[in-house]
Student: 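This is the structure I want to talk about, given as structure tokens.
Please read these numbers as outputs of a predicted model, since none were measured by experiment. Residues take their numbers from the sequence shown, with the count starting at 1.
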Amino acid sequence: MIFKNYSVIISLYVLFFSVFCNSSTSYTGKFGWRSIDQRDVPLIEEIFFQPKEFYFGRERLYFGENETIWWIYQFDQKLFLKPKFIVVLYAMMNSPQPVEIDLRVVFPEFQDDFYFIRQYYAPLSAGRYMIKIAEEQKQIPFDSVEFIVLEEKELQQLSGPLRF
């Protein structure tokens, strides 16, 4: 009888501790990118295509307006209790404040000992954009990144390692 009570207490303690650790976590990670011009790709291939390799970075992020932009957010820590996240895409053009153009609730994936979010955006119009990520429960962004979508002729005029 005594052992049953202790096992219940220990189970409650472990549950409380794991919930507390997860709720007080400040998430960190890095963004990975891949862009693909899918204009000549058959529809069936486009539907099932998911890139496997991404290039990590936050600086000099330029994409063409004909490219599908794939991105991942690789977490630096383990995720307990599989939290849900909110991903918001903002356009930062001709307005004093960013304009929300896409909002998604996403679940993290796990592969090769890493937790990550994988998403993509179909070709976007030329302009500046920002992605913000927040935990669904807190709804306070813990990370963000900006990138630029250029017209094809502008992208060809730039020099340096810009393509992902």
Student: Any chance the side chains of Tyr27 and Asp143 put a donor and an acceptor closer than 3.5 Å?
Tutor: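 Note: Tyr27 and Asp143 side chains miss the donor-acceptor criterion.
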Student: Please determine whether the number of non-hydrogen atoms from other residues, nucleotides or ligands lying under 6.0 Å from atom OH of Tyr120 exceeds 12.
Tutor: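 For Tyr120, atom OH is not crowded (no more than 12 foreign heavy atoms under 6.0 Å).
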Student: Between Leu89 and Leu124, is there a side-chain heavy-atom distance shorter than 4.5 Å?
Tutor: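 Touching, per the 4.5 Å side-chain cut-off.
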Student: The criterion is ring-ring contact (aromatic ring centres under 6.0 Å, His included); which residues satisfy it with Tyr90, sequence neighbours excluded?
Tutor: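 Tyr90: no ring-ring contact (aromatic ring centres under 6.0 Å, His included) contacts found.
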Student: How would you list, by chain and number, every residue that makes a ring-ring contact (aromatic ring centres under 6.0 Å, His included) with Phe114, sequence neighbours excluded?
Tutor: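 Phe114 satisfies ring-ring contact (aromatic ring centres under 6.0 Å, His included) with no other residue.
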Student: Quick one: pull up CD1 in Ile117 and NZ in Lys84 and give me the separation to the nearest 0.5 Å.
Tutor: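 Those atoms lie 13.0 Å apart.
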Student: For the rings on Phe31 and Phe116, is their centre-to-centre separation under 6.0 Å?
Tutor: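 Centroid separation for Phe31 and Phe116: 6.0 Å or greater.
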Student: Sorted by first residue and then second, give each side chain to side chain donor-acceptor pair (under 3.5 Å) pair with at least one member in residues 100-111; sequence neighbours left out.
Tutor: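 Every pair satisfying side chain to side chain donor-acceptor pair (under 3.5 Å) with a residue in residues 100-111: Asp102-Arg104, Arg104-Gln119, Glu109-Arg118.
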Student: Looking at Met93 and Ala126, what are the two nearest heavy atoms and their distance?
Tutor: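 What the structure gives for the nearest pair is SD-O, 3.5 Å.
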Student: Same cluster for Val145 and Tyr129 if Ile/Leu/Val/Met/Phe/Trp/Tyr side chains link at under 4.5 Å?
Tutor: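 Same hydrophobic cluster.
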Student: Is the shortest heavy-atom distance from the side chain of Ser144 to the side chain of Ile131 under 4.5 Å?
Tutor: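 No, their side chains stay 4.5 Å or more apart.
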Student: Flag the pair Pro108 / Leu79 as yes when at least one side-chain heavy-atom distance between them is below 4.5 Å, and no otherwise.
Tutor: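 Touching, per the 4.5 Å side-chain cut-off.
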Student: Can you list everything that forms a ring-ring contact (aromatic ring centres under 6.0 Å, His included) with Phe107? Sequence neighbours excluded, please.
Tutor: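 For Phe107 there are no ring-ring contact (aromatic ring centres under 6.0 Å, His included) partners, ignoring immediate neighbours.
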Student: Supply the atom-to-atom distance Asp76 CG to Ser26 OG, rounded to the nearest 0.5 angstrom.
Tutor: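 Between Asp76 CG and Ser26 OG, I get 10.5 Å after rounding to 0.5 Å.
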Student: Say whether Phe147 and Ile101 are linked into one hydrophobic cluster, either directly or through other cluster members, by side-chain heavy-atom distances under 4.5 angstrom.
Tutor: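 Yes; Ile101 is reachable from Phe147 via cluster members.
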Student: Start with the C-alpha distance between Ile86 and Ile133, add both sets of side-chain angles, then the distance that settles side-chain contact (heavy atoms from CB on, under 4.5 Å), and finish with yes or no.
Tutor: CA-CA 6 Å; Ile86 297 172; Ile133 304 174; over 6 Å; no
Student: Trp33 and ring-ring contact (aromatic ring centres under 6.0 Å, His included): which partner among Phe56, Tyr121, Tyr62, Phe63?
Tutor: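 Looking at Phe56, Tyr121, Tyr62, Phe63, the match for Trp33 under the ring-ring contact (aromatic ring centres under 6.0 Å, His included) is Phe63.
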Student: Asp113: which residues meet the side-chain hydrogen bond (donor to acceptor under 3.5 Å, both in side chains) condition with it, sequence neighbours left out?
Tutor: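 Asp113: no side-chain hydrogen bond (donor to acceptor under 3.5 Å, both in side chains) contacts found.
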Student: Can you check salt bridge (charged side-chain N to carboxylate O under 4.0 Å, His left out) on Glu146 and Arg128, steps first, answer last?
Tutor: CA-CA 7 Å; Glu146 292 184 26; Arg128 291 181 52 226; 2.9 Å; yes
Student: List the atom of Arg34, the atom of Pro51, and the distance in Å for their closest heavy-atom pair.
Tutor: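 Smallest interatomic distance, heavy atoms only, reads CG-CB, 3.8 Å.
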Student: Show the nearest heavy-atom pair for residues Pro141 and Lys132, with the distance to one decimal.
Tutor: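 Reported closest heavy-atom pair: CG-CD, 4.0 Å.
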Student: Would you kindly confirm whether Tyr73 and Val106 end up in one hydrophobic cluster when ILVMFWY residues are joined by side chain heavy atoms under 4.5 Å apart?
Tutor: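 Cluster IDs for Tyr73 and Val106 match.
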Student: Which heavy atom of Glu135 sits nearest a heavy atom of Pro83, and at what distance?
Tutor: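 Heavy atoms only, the tightest pair is OE2-CB, 3.8 Å.
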Student: More than 12 heavy atoms of other residues, nucleotides or ligands under 6.0 Å from CG of Asn94: yes or no?
Tutor: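 No, because the 6.0 Å sphere around CG of Asn94 holds 12 heavy atoms or fewer from other groups.
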Student: Compare all side-chain heavy atoms of Trp70 with those of Ile36 and state whether any distance is below 4.5 angstrom.
Tutor: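 Yes, side chains in contact.
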Student: Only counting residues at least two apart or in another chain, list the ones meeting ring-ring contact (aromatic ring centres under 6.0 Å, His included) with Tyr115.
Tutor: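 Once residues adjacent in sequence are excluded, the partners of Tyr115 under the ring-ring contact (aromatic ring centres under 6.0 Å, His included) criterion are Phe110.
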Student: Are Leu103 and Val87 close enough that some pair of their side-chain heavy atoms sits under 4.5 Å apart?
Tutor: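 Heavy-atom side-chain distance check fails, nothing below 4.5 Å.
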Student: Is it possible for you to say whether Phe142 and Trp71 belong to one hydrophobic cluster, with membership spreading through side-chain heavy-atom contacts below 4.5 Å?
Tutor: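 Linked within one cluster.
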Student: How far apart are the closest heavy atoms of Gly29 and Arg58, and which atoms are they?
Tutor: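 What the structure gives for the nearest pair is O-NH2, 3.3 Å.
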Student: Can you tell if the side chain of Pro123 reaches within under 4.5 Å of the side chain of Glu65, non-hydrogen atoms only?
Tutor: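 In short, these two side chains do not touch, never coming nearer than 4.5 Å.
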